[in-house]
Amino acid sequence: MEHISNGQTAEKRTALDRTFRISLGLKGLDGVLELVGGVLLLFVSPRQIGSIVHLLTQHELSEDPHDLIANALVHATGNLSASASIFGAIYLLLHGIVKVVLVWALLRDKLWAYPWMIAFLLVFIAYQVYKLLVSFSWGLTLLTAFDILIVWITWREFRRHKPKPSVVA
């Protein structure tokens with residue numbers, strides 16, 4: 001019988017507990033990918049990024065010149081400036097570091113990380129809702145819904161792990 005750090009056995013883990021662990025894993029993977037993206041933006045020039053995207057989308061655009069994703073990528077990288085690239089790198093690196101640290105701490109049941117993760121995600125949910133109001137996107141809608149789910153599950157886990165106040169008679 002596998003022992004779980006909060007005193008549960010593997011058999012007592014619920015589907016929600018597994019969902020929490022899986023969603024944290026996905027957030028952690030997302031954080032690692034942001035770190036990789038941030039490092040790449042620091043060392044690859046905007047011109048090189050444009051050339052790579054052009055090379056990667058060339059075949060798709062030759063088959064379908066109206067491909068939405070390929071055209072969006074070519075357009076976005078065609079207008080990428082050095083300052084935007086540096087801003088993107090710093091943003092991705094900071095965001096990725098915070099995610100990786102918080103996910104690592106939550107997977108190790110560090111009580112301090114629960115409120116920080118909730119606050120961190122709530123700030124991004126607010127920003128994402130603003131972006132959705134300005135320019136709707138199904139991808140951002142799904143990401144926002146996923147983040148709301150993670151906030152709810154994290155809050156639930158925090159309440160389960162938080163020490164109960166002792167009653168003094």
Side-chain angles (χ1 to χ4, degrees), residues 1-42 52-53 56-57 60 64 67-73 76-77 87-169:
M1 195 178 327
E2 177 189 353
H3 179 67
I4 310 303
S5 63
N6 64 2
Q8 293 180 336
T9 60
E11 291 84 18
K12 291 185 180 180
R13 275 192 176 172
T14 66
L16 207 49
D17 294 329
R18 287 187 296 277
T19 302
F20 178 66
R21 297 269 180 207
I22 291 168
S23 63
L24 283 180
L26 291 172
K27 274 295 176 195
L29 178 61
D30 180 42
V32 168
L33 291 175
E34 287 177 348
L35 289 172
V36 169
V39 169
L40 286 176
L41 281 177
L42 283 178
I52 292 168
V53 168
L56 293 175
T57 58
E60 183 62 34
D64 179 10
D67 185 283
L68 183 66
I69 295 173
N71 277 308
L73 286 170
T77 58
F87 173 80
I90 292 169
Y91 175 87
L92 287 173
L93 289 169
L94 290 175
H95 198 252
I97 288 168
V98 170
K99 266 188 200 172
V100 168
V101 167
L102 288 174
V103 165
W104 173 85
L106 287 172
L107 288 173
R108 279 151 185 75
D109 294 323
K110 302 294 184 189
L111 197 58
W112 62 265
Y114 288 88
W116 280 103
M117 178 63 104
I118 292 167
F120 176 72
L121 288 174
L122 286 175
V123 167
F124 280 94
I125 288 168
Y127 176 72
Q128 289 163 195
V129 167
Y130 162 75
K131 291 294 283 181
L132 284 169
L133 292 173
V134 172
S135 174
F136 181 80
S137 152
W138 280 110
L140 190 56
T141 300
L142 292 173
L143 175 65
T144 304
F146 181 65
D147 284 347
I148 290 169
L149 173 70
I150 293 176
V151 166
W152 176 73
I153 294 172
T154 304
W155 175 252
R156 179 189 162 277
E157 288 292 314
F158 177 58
R159 287 190 349 202
R160 284 184 48 215
H161 287 82
K162 196 166 78 172
K164 308 291 185 256
S166 56
V167 178
V168 179

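- When side chains are defined from C-beta on, Lys131 does not count as touching Thr144, because their heavy atoms never get closer than 4.5 Å.
- In this structure, the side chain of His161 engages the main chain of Glu157 through a donor-acceptor pair within 3.5 Å.
- At least one side-chain heavy atom of Val98 sits less than 4.5 Å from a side-chain heavy atom of Leu102.
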Could you walk me through whether Phe20 and Ile150 satisfy the side-chain contact (heavy atoms from CB on, under 4.5 Å) test, starting with their C-alpha distance in whole Å, then the side-chain angles of each, then the deciding distance to 0.1 Å, before giving a yes or no? CA-CA 7 Å; Phe20 178 66; Ile150 293 176; 5.6 Å; no
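- Within the 4.5 Å cutoff, side-chain heavy atoms of Phe158 are placed close to those of Leu111.
- Electrostatic pairing of Lys99 and Asp147 does not count as a salt bridge here, judged by no charged N lying under 4.0 Å from a carboxylate O.
- The environment of OH in Tyr130 is sparse: at most 12 heavy-atom neighbours from other residues, nucleotides or ligands sit within 6.0 Å.
- One finds the OG1 atom of Thr154 at 6.0 Å from the CG atom of Leu24 (value rounded to the nearest 0.5 Å).
- Surrounding CD1 of Ile69 are at most 12 heavy atoms belonging to other residues, nucleotides or ligands under 6.0 Å away.
- Rounding to the nearest 0.5 Å places CG of Leu92 at 5.5 Å from CD of Glu34.
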Thr77 vs Leu73, test: side-chain contact (heavy atoms from CB on, under 4.5 Å). Steps then yes/no. CA-CA 6 Å; Thr77 58; Leu73 286 170; 5.5 Å; no
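- Distance check: Leu106 CG to Arg21 CZ gives 8.5 Å after rounding to the nearest 0.5 Å.
- Across all non-hydrogen atoms, the minimal contact from Ala113 to Ala105 is CB-CB, 3.5 Å.
- For the atom pair CD1 (Ile148) and CD (Gln128), the distance works out to 8.5 Å, reported to the nearest 0.5 Å.
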Quick one, Ile153 with Leu149, criterion side-chain contact (heavy atoms from CB on, under 4.5 Å). Give me CA distance, side-chain angles, the key distance, then yes/no. CA-CA 6 Å; Ile153 294 172; Leu149 173 70; 3.7 Å; yes
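- Rounding to the nearest 0.5 Å places CG of Leu132 at 4.0 Å from CG of Leu140.
- Using a 4.5 Å heavy-atom cutoff, the side chains of Phe120 and Trp116 are not in contact.
- Taking the charged nitrogens against the carboxylate oxygens, Asp17 and Arg160 do have a contact shorter than 4.0 Å, which makes a salt bridge.
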Leu26/Asp30 under side-chain contact (heavy atoms from CB on, under 4.5 Å): CA gap, chis, key distance, verdict: CA-CA 6 Å; Leu26 291 172; Asp30 180 42; over 6 Å; no
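- The distance from atom OG1 of Thr141 to atom CZ of Phe146, rounded to the nearest 0.5 Å, is 15.0 Å.
- A 6.0 Å sphere centred on CH2 of Trp112 holds more than 12 heavy atoms belonging to other residues, nucleotides or ligands.
- Between Val100 and Lys27 there is no side-chain heavy-atom pair separated by less than 4.5 Å.
- Of the residues Val36, Leu41, Leu35, the one that meets the side-chain contact (heavy atoms from CB on, under 4.5 Å) test with Leu93 is Leu35.
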